[in-house]
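See below for the structure under consideration.
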Amino acid sequence: MNSMEFAALLAQLAERPVPPLFDRHVYLWHGELVDLRGMVPTGLTTELDLYALTTVLSKTPFALDEARRLLQSGIATWLREYAPAPGAPQVVVVTGNSLLQRYRVPLDAFFQTSNETRLIVFVVSRRETDFRPVRPMPAYVEIEPSATFEYLRTKLSDHALIGEMNP
């Protein structure tokens, strides 16, 4: 989906419920957050910053599986607490998505809460996926700037990608 088609979808959502054409209303915005914010009709956006969410978790786990469970639980709780009134449109903009990739957090809670009036958009910056170090890094340093994008891309269908498809 290109950004013009997505903008049209957002405009429709502001006016009335919009059944998804494929799967659910869960999308991957491959671009800058400021551009997405400018596209969403006023009053529809609720932002979920996963980095900020981690500050209210009950503890800081060391084990990956425990961190995954805590993040899953925190996300599900946040989505319930910030649910819109029945029938009210909402666009949930999710940032800090490297945590989803790092801890291999399933996206189930996002899919379960999206519907005809609630749309979920994961944001991955082009600047992040296009990052290249100025100088060569030592062999023991591994940089994968597109890892978050690729993780989310594998979890969503092609219709859910907004922006350029390849990092």
Side-chain angles (χ1 to χ4, degrees), residues 1-10 22-42 44-79 82 91-111 113-114 119-167:
M1 175 180 303
N2 65 39
S3 58
M4 290 178 55
E5 294 168 331
F6 190 62
L9 172 66
L10 294 172
F22 304 92
D23 301 328
R24 305 287 269 171
H25 279 308
V26 179
Y27 301 92
L28 173 55
W29 175 263
H30 192 213
E32 301 314 311
L33 178 58
V34 68
D35 296 330
L36 176 61
R37 283 180 179 147
M39 187 179 291
V40 179
T42 306
L44 294 189
T45 305
T46 303
E47 292 189 21
L48 168 55
D49 178 349
L50 296 175
Y51 295 130
L53 179 68
T54 62
T55 65
V56 297
L57 296 178
S58 59
K59 59 183 173 176
T60 304
F62 181 75
L64 292 177
D65 58 339
E66 187 178 5
R68 180 181 311 112
R69 280 193 303 275
L70 279 174
L71 278 168
Q72 277 181 282
S73 175
I75 289 166
T77 299
W78 188 95
L79 288 168
Y82 290 91
V91 177
V92 177
V93 174
V94 185
T95 59
N97 294 303
S98 61
L99 292 175
L100 297 174
Q101 180 267 325
R102 168 73 173 94
Y103 295 105
R104 301 289 187 230
V105 177
L107 307 181
D108 300 347
F110 296 105
F111 280 99
T113 62
S114 69
L119 188 142
I120 310 287
V121 185
F122 298 103
V123 177
V124 176
S125 168
R126 290 283 311 169
R127 287 184 294 170
E128 178 182 324
T129 57
D130 290 343
F131 174 77
R132 301 293 176 260
V134 191
R135 293 175 287 181
M137 302 299 288
Y140 59 86
V141 175
E142 190 174 319
I143 296 178
E144 296 180 37
S146 63
T148 300
F149 175 78
E150 291 301 328
Y151 177 75
L152 291 169
R153 183 179 180 179
T154 62
K155 302 293 181 193
L156 304 171
S157 57
D158 285 341
H159 85 279
L161 302 177
I162 301 141
E164 296 180 40
M165 301 304 180
N166 297 316

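Heavy-atom basis, side chains included; hydrogens, waters and symmetry copies ignored.
The shortest side-chain heavy-atom distance between I162 and E5 does not fall under the 4.5 Å cut-off. Looking at L48 and L50, their side chains come closer than 4.5 Å, going by heavy atoms from C-beta outward. The shortest side-chain heavy-atom distance between F149 and L28 falls under the 4.5 Å cut-off.
Judged by distance alone, with hydrogens and angles left aside, the side-chain atoms of T77 form a donor-acceptor pair with the main-chain N or O of S73 at under 3.5 Å. Formation of a donor-acceptor pair under 3.5 Å by the T55 side chain with backbone atoms of A52 is found in this model. One N or O on the side chain of Y151 and one on the backbone of V105 form a donor-acceptor pair closer than 3.5 Å.
No hydrogens or angles considered: a donor-acceptor pair under 3.5 Å links the side chains of S98 and Y51.
Shown here for R68 and R104, the closest heavy-atom pair between the two residues is NE-O, 3.2 Å. Contact detail for D49 and T95: the closest heavy-atom pair is CA-OG1, 3.4 Å. L70 approaches S58 most closely through the heavy-atom pair CD2-OG, 3.7 Å. In terms of heavy-atom proximity, K155 sits nearest to L107 at CB-CD1, 3.5 Å. Counting all heavy atoms, side chain and backbone alike, G31 lies closest to R126 at CA-CG, 3.8 Å. When every heavy atom of A109 is checked against every heavy atom of I75, the shortest pair comes out as CB-CG2, 4.2 Å.
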Between L9 and Y27, does the side chain to side chain contact (heavy atoms under 4.5 Å, CB included) criterion hold? Intermediate values first, please.
CA-CA 12 Å; L9 172 66; Y27 301 92; 3.4 Å; yes
Starting from the C-alpha separation in whole Å, work towards a yes-or-no answer on side chain to side chain contact (heavy atoms under 4.5 Å, CB included) for L119 and L10.
CA-CA 9 Å; L119 188 142; L10 294 172; 4.2 Å; yes
Stepwise side chain to side chain contact (heavy atoms under 4.5 Å, CB included) test for L71 and L100
CA-CA 8 Å; L71 278 168; L100 297 174; over 6 Å; no
Side chain to side chain contact (heavy atoms under 4.5 Å, CB included) between L152 and L161, worked out:
CA-CA 10 Å; L152 291 169; L161 302 177; over 6 Å; no
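Taking the six-membered ring where tryptophan is involved, the planes of F110 and F122 are perpendicular, since the angle between them exceeds 60° and thus also 30°. Ring pair W29/F6 is tilted by interplanar angle, where 30° to 60° counts as tilted.
Remark: R153 engages E150 in a salt bridge, criterion side-chain N to carboxylate O under 4.0 Å.
For the atom pair NE2 (H30) and OG1 (T148), the distance works out to 10.0 Å, reported to the nearest 0.5 Å. Expressed to the nearest 0.5 Å, how far CD of Q72 lies from CG of D108 amounts to 7.0 Å. In this structure, S114 OG and L79 CG are separated by 9.5 Å, a value rounded to the nearest 0.5 Å. With rounding to the nearest 0.5 angstrom, the CG atom of L33 is 9.5 Å from the CZ atom of R127. Of the inter-residue distances, the one linking D35 atom CG with M39 atom CE reads 7.5 Å to the nearest 0.5 angstrom.
Heavy-atom contacts from other residues, nucleotides or ligands closer than 6.0 Å to OH of Y82 number 12 or fewer.
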